Amino acid sequence: MTKIILIILSFLPLCFHSPYLWQAWNGSRLDHWDWIFYLAAVPAAVWALRSQKMEKCDFYALFLLIPMLFLTAGTSFHHINALAVASAAGVIFCTVWLLGAWALAYRILPAAFILLLGTPSSSYQLSLLLMCPVWGAWAAKFLLAVLNLVWIWYNKRSGIVIRRGTLCFSAAVLASGFLLLHTKELYIEGQSFIPEFPAHCGEFWGRVIQPDSNTKRFFATSTVHQYRYTRNNVDISVLAVQCGRNIHEIHPASHCLRTSMWTVHSEKTLWLRHNLAVTEIDAQRGADRILVWVWYSSDKFSTPGFLGFRRHFTPGKEYYTYQISVPLYRSIAESRKELKGFVQVLRRKK
């Protein structure tokens, strides 16, 4: 009975993050359906544990449980809510492992993976990895959930149990790979860059574009402005958003492009100066091809990456996101030169 109570208590870290989960599911089109995986994990766990008995405690699980507890409780240190939520799911799994031994934990491992599929921002991460629209990422996640159910079925028929050391090694490799892929993006910080957009910007002449009703509805708590700047045959579009209280109104530019049926050829960090970087996106739809620069700012810093912006975001403070784009002319270098000249004028007028 004591073990059952302790397992129930292991859900407390996940419950602590429930307000963030609710906000993500309710406010983000990327995460809107992720609650399904939390719901599906329950019958999957019941099925996996059916006819299984708890054995002696396996203190080997502490090597994974302690880091999970630190990560889920230490959001104020790493500022990554999705990591805290995923770690809370890890706490549940590690507690079952600790109290019920590895054989029991291995049976429930597929259900734990289904639970992890509900982690906020996982759809964005998967769409970025697969270079596909968000619906493709959703399809991949639902396929993974089905494969985990098949895994439960196979475990019950075969009785095979993978060694616990294999899991720990695999988890370490995956965590290291994630850090290598995203640490740079998460922690790039440059000088604050919050430009104004005058009617006359160097050799460019601009005009205000009124956002349509869909754009206004999408940025319900934010203030959105759109501009068009021209110079001879150069045409630059600007989207400037003063972020409101709902972080889920702001999405990565590459995700929005893919959702609008653009093909993203490349997405990389581009340093304009030693203290200012942007994300540069090369995208194409049909015969149209554009080069987009994106960055996020507060009055204290700027960052080119969406994940870095989410790491810093605090409701009630002022944040801004900017997207400027230009048609791809004869080469990427030429279009990049036009954007660079436009940004240099904006910096001088700041």
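All figures in this text were calculated on a predicted structure; none of them were measured in a lab. Values below: every heavy atom of this structure, side chains too, minus hydrogens, waters and symmetry copies.
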Please report the interatomic distance [atom1]([X]) to [atom2]([Y]), rounded to the nearest 0.5 Å.
X: C94; Y: M68; atom1: SG; atom2: CE; value: 6.5 Å
X: L104; Y: L109; atom1: CG; atom2: CG; value: 11.5 Å
X: Y320; Y: S297; atom1: OH; atom2: OG; value: 9.5 Å
X: S158; Y: W153; atom1: OG; atom2: CH2; value: 9.0 Å
X: K3; Y: T95; atom1: NZ; atom2: OG1; value: 12.5 Å
X: L291; Y: I281; atom1: CG; atom2: CD1; value: 9.0 Å

With clusters defined by side-chain heavy atoms of hydrophobic residues (ILVMFWY) lying less than 4.5 Å apart, directly or transitively, does [Y] cluster with [X]?
X: L62; Y: L71; answer: yes
X: I66; Y: I7; answer: yes
X: L99; Y: I8; answer: yes
X: L69; Y: L6; answer: yes
X: L9; Y: F70; answer: yes

Keeping the roles fixed (side chain from [X], backbone from [Y]), state whether a donor-acceptor pair exists under 3.5 Å.
X: D31; Y: S121; result: yes
X: K337; Y: I332; result: no
X: S335; Y: P327; result: yes
X: T215; Y: P211; result: no
X: Q284; Y: G286; result: yes
X: T279; Y: P304; result: yes
X: R207; Y: A199; result: no

Closest approach of [X] to [Y] (non-hydrogen atoms, all atoms of both residues):
X: S325; Y: L339; value: C-CD2, 4.2 Å
X: C243; Y: F309; value: SG-CZ, 3.8 Å
X: R273; Y: W271; value: O-CE3, 3.2 Å
X: F93; Y: A105; value: CE1-O, 3.1 Å
X: F204; Y: E338; value: CZ-OE1, 4.2 Å
X: L346; Y: C201; value: CD2-SG, 3.7 Å

Is there a side-chain contact between [X] and [Y], using heavy atoms and a 4.5 Å cut-off?
X: S237; Y: I324; result: no
X: V238; Y: Q323; result: no
X: W35; Y: W22; result: no
X: W102; Y: W97; result: yes
X: V234; Y: E203; result: no
X: S192; Y: K300; result: no
X: Q242; Y: H225; result: no
X: P198; Y: Y227; result: no

Should we count [atom1] of [X] as having more than 12 external heavy atoms under 6.0 Å?
X: F16; atom1: CZ; answer: no
X: K156; atom1: NZ; answer: yes
X: N233; atom1: CG; answer: no

(message) Per the side-chain hydrogen bond (donor to acceptor under 3.5 Å, both in side chains) rule, what does the pair list look like for residues 8-19, sequence neighbours excluded?
(response) H17-T72

(request) Report the C-alpha separation of I92 and F11 in whole Å, then their side-chain angles, then the decisive distance to 0.1 Å, and conclude whether the side chain to side chain contact (heavy atoms under 4.5 Å, CB included) test is met. (result) CA-CA 6 Å; I92 299 170; F11 282 80; 3.6 Å; yes

(request) Return the orientation label for the F113 and W151 ring planes: parallel under 30°, perpendicular over 60°, tilted otherwise. (result)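 It falls in the parallel class, under 30°.
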
(request) Give the ring-plane orientation class for F197 versus F342, where under 30° counts as parallel, over 60° as perpendicular and anything between as tilted. (result) parallel

(request) Start with the C-alpha gap between L98 and D58, add the side-chain angles, then the distance that decides, and say whether side chain to side chain contact (heavy atoms under 4.5 Å, CB included) holds. (result) CA-CA 5 Å; L98 173 66; D58 184 357; 5.9 Å; no

(request) Tell me, please, which residues at least two apart from E334 pass salt bridge (charged side-chain N to carboxylate O under 4.0 Å, His left out). (result) R330

(request) Could you pull out all residues at least two apart from R285 that satisfy salt bridge (charged side-chain N to carboxylate O under 4.0 Å, His left out)? (result)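 Once residues adjacent in sequence are excluded, R285 has no partner under the salt bridge (charged side-chain N to carboxylate O under 4.0 Å, His left out) criterion.
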
What pairs of donor and acceptor atoms, side-chain ones from residues 140-150 against any protein atom, are under 3.5 angstrom apart with sequence neighbours left out?
| unit_1 | atom_1 | unit_2 | atom_2 | d |
| --- | --- | --- | --- | --- |
| K141 | NZ | D34 | OD1 | 2.7 |
| K141 | NZ | D34 | OD2 | 3.4 |
| K141 | NZ | L117 | O | 2.9 |
| K141 | NZ | S122 | OG | 2.8 |
| K141 | NZ | S123 | OG | 3.0 |
| N148 | ND2 | L144 | O | 2.8 |

(message) Assess, by modelled atom type and distance only, whether the side chains of E267 and S254 contain a donor and an acceptor separated by less than 3.5 Å.
(response) yes

(message) Taking the ring centre of each residue, are W25 and Y38 less than 6.0 Å apart?
(response) yes

(request) Report the C-alpha separation of Q226 and Q210 in whole Å, then their side-chain angles, then the decisive distance to 0.1 Å, and conclude whether the side chain to side chain contact (heavy atoms under 4.5 Å, CB included) test is met. (result) CA-CA 7 Å; Q226 292 178 278; Q210 291 299 325; over 6 Å; no

(request) Name all residues meeting the ring pair (Phe, Tyr, Trp, His ring centres under 6.0 Å) criterion together with W205; count only those two or more places apart in sequence or in a different chain, and write none if there are none. (result)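 By the ring pair (Phe, Tyr, Trp, His ring centres under 6.0 Å) rule, W205 matches H200.
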
(request) Can you sort out the partners of W295 under ring pair (Phe, Tyr, Trp, His ring centres under 6.0 Å), two or more places apart, ordered by chain and number? (result)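 Residues passing ring pair (Phe, Tyr, Trp, His ring centres under 6.0 Å) with W295: F193, Y322.
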
(message) Could you go through L21 and L14, starting from their C-alpha distance and side-chain angles, then the distance that decides it, and tell me whether this counts as side chain to side chain contact (heavy atoms under 4.5 Å, CB included)?
(response) CA-CA 9 Å; L21 286 169; L14 190 60; 4.2 Å; yes

(request) For a side chain to side chain donor-acceptor pair (under 3.5 Å) with D282, tell me which candidate from R289, K268, H265, R336 qualifies. (result)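 The single option meeting the side chain to side chain donor-acceptor pair (under 3.5 Å) with D282 is R289.
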
